[in-house]
Amino acid sequence: MRPALALFLIAAATASAAEPWRLHTIDNSQRGADGVKLADIDDDGRLDVATAWEEGGAIRVYRNRGTGAWPQTEVGRARSPEDAVFADLDGDRVWDLVSACEGDERALFVHWAPRWRAEAIPASRGVMQWMFTVLLQVDGRHGVDLVAGGKGPGAASGWMEAPARPRDLGAWRWHPLR
């Protein structure tokens, strides 16, 4: 495994520029850790990690226990997952995960916690090769929306509008901006 393709955590031992940062490997079992995002999903004061392993196809959550151990949960598998972000889309105070896929998959998936059932957002299917997703309340209605973008033919940046019932993935609407 090439080190550039593993998921790493680099921590500063001190603020001194004379002392180098230490590298901590969290997981090197897959290839292509892309779209790494951080959030404290269990309210323990430590940032947890979401990532999509592009070449390996795994979408995983890593819990930071503060002990050097990072228990992982594989929340789904997809072809060419490029990005993953924690999101409480349905407002139940449980962090779900959204993954973005490029290649032939070309869809945004919601991985509903805690059972981690993955479902594609129909309005995202085949639109483009999805490269990133971030959370943003765009329209002031119905909860958090998704800002997303992609690459290749038909690529755009825009937002996915959350409906009144966020678990009704067929009601999400794509609004390209550029």
Could you tell me which non-hydrogen atom of [X] sits nearest to which non-hydrogen atom of [Y], and how far apart they are?
| X | Y | answer |
| --- | --- | --- |
| V144 | L89 | CG1-CD2, 3.6 Å |
| R125 | E105 | NH1-OE2, 3.7 Å |
| S157 | W174 | C-CH2, 4.1 Å |

_Using the rule that Ile, Leu, Val, Met, Phe, Trp and Tyr join whenever any side-chain heavy atoms are under 4.5 Å apart, tell me whether V75 and L169 fall into a single cluster._
no
*asked:* Around atom CZ of R77, are there more than 12 heavy atoms from other residues, nucleotides or ligands closer than 6.0 Å?
replied: yes
*Quick check: are there more than 12 heavy atoms from other residues, nucleotides or ligands sitting under 6.0 Å from CG of D168?*
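It does: D168 CG has more than 12 such atoms within range.
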_Side-chain heavy atoms of V134 within contact of V85, under 4.5 Å_ = no
_Quick one, R167 and W112 - any side-chain contact, counting heavy atoms below 4.5 Å?_
yes
*Backbone of D139 reached by a side-chain donor or acceptor of Q137 within 3.5 Å*: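 Judged by distance alone, yes, a pair lies under 3.5 Å.
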Measure the spacing between [atom1] of [X] and [atom2] of [Y] and express it to the nearest 0.5 Å.
| X | Y | atom1 | atom2 | value |
| --- | --- | --- | --- | --- |
| F109 | E119 | CZ | CD | 10.5 Å |
| S80 | D34 | OG | CG | 10.0 Å |
| R65 | D42 | CZ | CG | 5.5 Å |

_Qualifying residues under side-chain contact (heavy atoms from CB on, under 4.5 Å), relative to W95, sequence neighbours excluded_ = I41, F86
*asked:* Is a donor from one side chain sitting under 3.5 angstrom from an acceptor on the other, for W130 and E82?
replied: no
_Under a plain distance cut-off of 3.5 Å, with no hydrogens placed, do D48 and Y62 share a side-chain donor-acceptor pair?_
no
*Please step through ring pair (Phe, Tyr, Trp, His ring centres under 6.0 Å) for the pair H175 and W159, ending with a clear verdict.*
CA-CA 5 Å; H175 301 278; W159 63 289; 4.5 Å; yes
